[in-house]
Amino acid sequence: MLLFPCPNCGPRNETEFHYGGQAHVAYPEHPAELTDREWAEYLFYRQNTKGLFAERWVHSAGCRKWFNMLRDTVSYDITAVYRIGQEPPALRTSQPTTGMGMSTTRQGTPEGVQL
Amino acid sequence: MSTQQLKEHPEFLWHNPDPKKSYDAVIIGGGGHGLATAYYLAKNHGMTNIAILEKGWLAGGNMARNTTIIRSNYLWDESAAIYEQSLKLWEILPEELEYDFLFSQRGVMNLAHTLGDVRESIRRVGANQLNGVDAEWLDPKQVKELCPILNISDNIRYPVMGATYQPRAGIAKHDHVAWAFARKCDELGVDIIQNCEVTGFIKDGERVTGVETSRGTISTGKVGLCAAGHSSLLAEMAGFRLPIQSHPLQALVSELHEPVHPTVVMSNQVHVYVSQAHKGELVMGAGVDSYNGYGQRGSFHVIEEQMAAAVELFPIFARAHVLRTWGGIVDTTMDASPIIGTTPVENMYVNCGWGTGGFKGTPAAGLTFAHTIATGAPHALNKPFSLERFETGALIDEHGAAAVAH
């Protein structure tokens with residue numbers, strides 16, 4: 001059982017949350033102009049990062065609010081949580097990778113991020 | 001001290017050659033699918049100058065971690081065709097590979113717990129029968145007759161309202177399956193190279209010409225990816241994307257017990273599937289953890305919920321102990337169907353996305369993927385499972401339809 005630091009409620013058990021997958025995937029600005037390939041990218045293609053990953057969670061059994069989290073997909077260490085609409089926080093050691101992140105080292109706690 | 005000499009070490013089932021400089025094809029991933037692909041490349045297509053590159057040890061990933069269930073009772077025509085071909089191959093492989101890997105056709109039951117389940121199950125039985133897949137609908141009394149240890153009383157949270165049953169389905173010893181394929185591959189001249197991690201690809205324009213590995217550079221005419229949970233990382237290395245999300249999938253075994261469980265029971269609704277291994281352990285699998293993960297372990301609450309469901313369905317298990325739990329990394333797609341076919345990189349082919357159901361598909365994955373690699377075009381059975389389906393929209397939506405929780 002993982003312990004998640006909900007930005008509104010504090011540390012709570014993983015079972016109170018639901019997963020929302022990769023964070024920062026914007027709805028297409030001009031949906032009518034997308035090619036089939038671009039629709040496929042939007043609907044079916046997501047990053048599958050091994051390492052530090054920016055993802056969405058919702059605290060279904062608590063404040064019921066969505067938030068973003070930086071979590072390592074190998075060690076499952078949680079580095080930061082931040083609100084929807086915010087950019088991922090700058091980390092002391094390295095930037096989160098949105099691609100094929102191979103970083104498995106534990107990141108420093110970022111400044112100004114509630115954990 | 002005994003003066004008796006130790007016995008000679010039994011013959012090894014395969015050799016451990018050093019990689020050659022060049023092959024006609026390399027398969028990346030020495031699990032069941034990689035081994036089966038190499039076997040059919042050699043046997044059906046005469047390609048014997050080939051190698052399997054495995055970053056760890058042979059069949060140490062999902063091939064050693066699955067719950068060994070084999071069945072073909074999928075809803076849609078495309079799935080029924082490929083999984084039924086797989087089951088037919090399972091039926092002849094022990095003889096063909098000259099290795100008894102204890103394929104036991106003890107049947108698989110998929111329980112229905114709600115009226116919705118009942119309707120969906122009866123529909124699936126009908127679809128299966130039309131596709132030549134053996135399937136029948138059992139009422140609760142018939143369920144009890146087949147599997148007496150199941151609790152069919154109506155005062156439990158998820159009462160058993162019936163089940164679909166596939167008599168030809170069953171289980172096999174997964175390690176032995178891998179060893180059987182490995183021995184035959186070795187006999188046919190395939191190089192099985194363990195501890196050889198692929199670190200990059202060499203391309204000439206859009207065509208792959210070689211692989212960089214932890215054991216040197218290998219040039220090759222063709223590359224087949226069989227890396228399950230790590231497929232999207234290899235694809236990214238090669239310069240294209242896959243619509244794959246990797247999740248932990250957990251399973252567990254109990255200590256050894258007298259034979260009590262005559263068949264395989266799966267429940268979609270309560271996320272548990274149970275069989276009893278030949279040795280006597282109860283083998284149980286759960287649903288995937290919700291989050292992306294490469295850790296080969298998941299969260300304990302998944303196991304806890306699975307055990308609660310198992311004990312309610314099988315009260316006799318209440319005193320059994322969990323001996324060990326583990327996780328594998330499964331490569332899931334959005335339509336819960338595999339991807340077997342060509343890629344945007346010339347001469348590179350991909351077999352992935354089998355998600356929670358890869359073991360049963362091992363022979364058919366090997367057969368169709370070998371055909372795809374050897375001829376450069378898909379076999380009729382894997383044609384619908386192309387990467388392009390995510391663009392054309394011709395998805396094969398087995399979510400929920402496939403008699404399993406995803």
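Every chain is numbered from 1 and lettered A, B, ... according to where its sequence line falls, protein lines coming before strand lines.
Within a 6.0 Å radius of NZ in B:Lys203, other residues, nucleotides and ligands contribute more than 12 heavy atoms. Counting heavy-atom neighbours within 6.0 Å of A:Arg37 CZ, excluding the residue itself, gives a total above 12.
Heavy atoms closer than 4.5 Å to chain A are found nowhere in B:Glu304, neither backbone nor side chain. Only the backbone of B:Leu242 comes within less than 4.5 Å of a heavy atom in chain A; its side chain stays farther off. Residue contact with chain B, scored on non-hydrogen atoms closer than 4.5 Å, involves the side chain of A:Glu41 exclusively.
With chain A as the partner, the residue from B:Met334, B:Glu388, B:Gln245 showing the most heavy-atom pairs under 4.5 Å is B:Gln245.
Using modelled atom types and a 3.5 Å distance limit, the side chains of A:Tyr19 and A:Glu55 yield a donor-acceptor pair.
Separation of the B:His301 and A:Phe17 ring centroids does not fall under the 6.0 Å cut-off.
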